[in-house]
Amino acid sequence: MTLSQLRPVPDAISREQQRFEVELLLQQPVLAPNDLGKADRQLIQAEGPRSPRHWMEWGAMPLSNLNGVLRLAVPTHWGAEQRQRLLQALQLREDQASFGLALADDLTEALGALQNLGEASPPPGEASAPSPELARSWIEGLALPVADGALTTHQDPDELEVSSGAANSSPVVSLVDRILVAALEAGCSDIHVEPQESGLEIRFRIDGVLHKQLEGLPKTLVPAITSRFKIMADLDIAERRLPQDGRIRRNYRGRTMDFRVSTLPSRHGEKVCLRLLDSGATQLGLETLITDSGARAALRALGSKPFGMILVTGPTGSGKSTTLYALLSERNDPGINISTVEDPIEYTLQGITQTQVNRDKGLDFSTALRAFMRQDPDVLLVGETRDIETAKTATEAALTGHLVLTTLHCNDAASAIARLDEMGVEPFMVSASLIGIVSQRLLRRVCSHCRIAYQPSSEDLGRFGLLASHETAVTFYRAHTQDQHPEACSHCQGNGYKGRVGVYEILNMTETIAAAVAKRASTDVLRRLALESGMQTLLGYGLELVRQGHTTLEEVERMLLTDAGLESERRARSLSGLTCRSCGAGLRDEWLECPYCLTVRN
């Protein structure tokens with residue numbers, strides 16, 4: 001294939017970028033400056049019709065001469081006519097020469113560097129430090145050693161044939177593998193491959209926040225990169241008008257990594273989103289997940305119940321599955337039969353029967369749950385309750401003497417009741433089966449090596465319902481970001497945050513709350529009853545983490561500060577002042593001490 005005015009080389013931000021694009025267009029490797037620098041200098045320094053002056057005029061250069069075949073590097077835009085003219089000038093037959101492709105600018109620089117045999121200049125590309133643009137090149141930064149972090153796959157030979165039969169040398173395959181390796185190295189949870197009007201953009205979600213990793217790749221690469229991801233996920237590459245879901249499995253440094261793949265048609269091409277799942281990771285215990293001893297004890301008490309249903313709520317990526325696995329680990333005992341149905345199986349637990357959803361074969365959550373009921377279960381885990389059939393089956397299982405753990409998508413603990421009612425589950429079944437609801441979020445943990453201590457103003461504290469006079473003994477911290485301070489921390493790479501910490505809101509189903517649920521009480525009424533029973537709000541838990549130095553007020557504002565949450569926290573504080581700290585009895589405003597246990601009021 002020949003490049004012409006009808007098929008020009010796309011604009012590139014660097015020569016490395018241009019070389020990569022030409023490889024895609026021609027489906028042939030393009031020699032890099034280092035390859036040209038390894039040419040046999042004696043071939044260039046020859047006298048007569050093959051002198052350095054002639055090579056400069058032709059714009060080509062010899063690389064090697066093996067077994068009577070002269071290996072030549074020619075510009076990428078040359079066609080058959082230009083190659084034939086060169087062979088005639090060199091007085092060679094076609095079987096006496098072979099051709100390699102290189103950028104014309106690379107050839108000019110290489111010939112200039114190799115003209116003088118006496119010069120000891122290093123090969124092109126090594127004579128000086130790389131340009132700032134190339135040093136910042138995201139693609140170049142992903143070129144990790146194959147022996148150290150290479151990804152391996154277990155694909156069928158047919159899939160390798162689909163990828164042009166050269167998975168190790170194809171530039172698209174190399175780029176996609178580098179994206180996956182970089183995501184694993186960065187510890188991100190999601191990869192977003194997004195076609196935009198200006199080109200292809202790639203972002204990583206690290207600690208819950210998206211970070212731009214690459215932009216400016218030409219739009220001509222979008223179909224090739226999207227098709228590569230779809231081939232790896234065993235999706236239909238010809239279907240570009242409908243969303244598709246699939247999975248990629250790779251072995252990375254001794255661990256099995258799963259990538260949950262979702263494609264979505266958009267205005268400028270198909271967007272690909274990948275969720276990273278470490279199937280071989282060791283799950284964390286409750287001691288590590290929950291910093292507050294009271295919340296940890298409350299959750300552990302719920303998980304130790306013999307029967308009933310526990311809901312863990314929160315948005316996608318808030319750590320719901322990790323919390324459920326921690327509960328299962330504490331109940332995992334040879335005397336207990338534990339079964340799970342998941343999509344996908346995120347962690348592998350010994351001694352537990354784990355079932356993968358297979359919707360193509362009709363095995364969904366509700367079908368698997370009904371099958372579990374004939375397997376003599378004690379504890380059941382349902383990966384997600386998303387329809388009425390699954391919700392009713394889980395509720396019935398909880399009513400018949402089984403402990404059921406499941407997840408639900410809603411904003412807080414109290415709104416989970418309304419979510420079940422919206423699905424169509426009868427309130428009397430919810431009140432009889434539900435024993436507790438856990439709502440959770442993940443906040444970024446401020447880097448302990450570069451955090452900055454400061455004292456927020458009274459206005460800043462007031463936005464969170466805090467009084468400056470009550471927080472004088474507290475040391476507040478803000479993140480040391482690279483935008484504000486040029487010196488980047490080596491521990492957090494200038495982000496100011498490293499890792500995440502959980503925030504929990506635990507609602508215990510008391511008799512009062514259960515009765516209100518059976519009467520279809522509103523979410524506000526249920527939230528007020530939960531606060532009266534001692535529930536700590538998400539905002540209250542997050543502010544306590546700020547006081548302990550785990551996170552910042554900015555992070556709490558980003559994730560937890562809402563009008564409803566602030567109102568609930570203020571109500572909780574007012575209720576705490578009207579409750580005896582000793583016996584928990586309700587107090588009146590005019591009482592100075594508890595009339596039941598004579599404890600002095602706060």
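Not measured: the values here are computed from a predicted model.
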Subject >> Over 12 foreign heavy atoms within 6.0 Å of CZ, F476 >> reply: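 Count over threshold, so yes.
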**OP:** Mark yes when over 12 heavy atoms from residues, nucleotides or ligands other than N411 sit less than 6.0 Å from its CG; otherwise mark no.
**Re:**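 Incorrect, the count does not exceed 12.
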Compare every heavy atom of [Y] with every heavy atom of [X], then report the nearest pair and how far apart it is.
X: L443; Y: G542; answer: CD1-CA, 4.3 Å
X: H402; Y: T400; answer: ND1-OG1, 3.2 Å
X: L442; Y: G502; answer: CD2-CA, 3.8 Å

Using modelled atom types and a 3.5 Å cut-off, is there a donor and acceptor pairing between side-chain atoms of [X] and backbone atoms of [Y]?
X: D207; Y: R500; value: no
X: T523; Y: S415; value: no
X: S304; Y: A301; value: yes
X: T367; Y: L363; value: no
X: N337; Y: Q375; value: yes
X: Y541; Y: Q440; value: no
X: R331; Y: G303; value: yes
X: T395; Y: A391; value: yes
X: K320; Y: G314; value: yes
X: R205; Y: S189; value: no

Do [X] and [Y] have side-chain atoms, one donor and one acceptor, less than 3.5 Å apart?
X: S329; Y: N332; value: no
X: T472; Y: H470; value: no
X: S366; Y: D364; value: yes
X: E194; Y: H268; value: no
X: T552; Y: Y497; value: yes
X: T510; Y: S533; value: no

Would you say that [X] contacts [Y] through its side chain, given a criterion of any heavy-atom pair below 4.5 Å between the two side chains?
X: L274; Y: L180; answer: yes
X: R520; Y: D421; answer: yes
X: V438; Y: L311; answer: no
X: L380; Y: S339; answer: yes
X: I338; Y: L381; answer: no
X: F365; Y: V382; answer: yes
X: K212; Y: E201; answer: yes
X: D245; Y: L235; answer: no

Output yes when [X] and [Y] qualify as a salt bridge under the 4.0 Å nitrogen-oxygen rule, no when they do not.
X: R444; Y: E554; answer: no
X: D343; Y: R359; answer: yes
X: E532; Y: R528; answer: yes
X: D412; Y: R527; answer: yes
X: K230; Y: D236; answer: no

From [atom1] ([X]) to [atom2] ([Y]), nearest 0.5 Å:
X: L327; Y: T322; atom1: CG; atom2: OG1; value: 11.5 Å
X: L328; Y: S321; atom1: CG; atom2: OG; value: 10.5 Å
X: R296; Y: I506; atom1: CZ; atom2: CD1; value: 10.5 Å

Original post:
Under the salt bridge (Lys or Arg N to Asp or Glu O under 4.0 Å) criterion, do E555 and R441 qualify, and how do the steps go?
Top reply: CA-CA 11 Å; E555 185 67 6; R441 300 289 191 277; over 6 Å; no
**OP:** Might you work through the salt bridge (Lys or Arg N to Asp or Glu O under 4.0 Å) test for R547 and E471, ending with a clear yes or no?
**Re:** CA-CA 9 Å; R547 295 186 181 98; E471 308 295 337; 3.2 Å; yes
Subject >> Candidate pair T340 and T355, rule side-chain contact (heavy atoms from CB on, under 4.5 Å), full reasoning >> reply: CA-CA 6 Å; T340 73; T355 302; 5.9 Å; no
**OP:** Step by step, work out the side-chain contact (heavy atoms from CB on, under 4.5 Å) result for F204 and D190.
**Re:** CA-CA 6 Å; F204 290 170; D190 299 88; over 6 Å; no
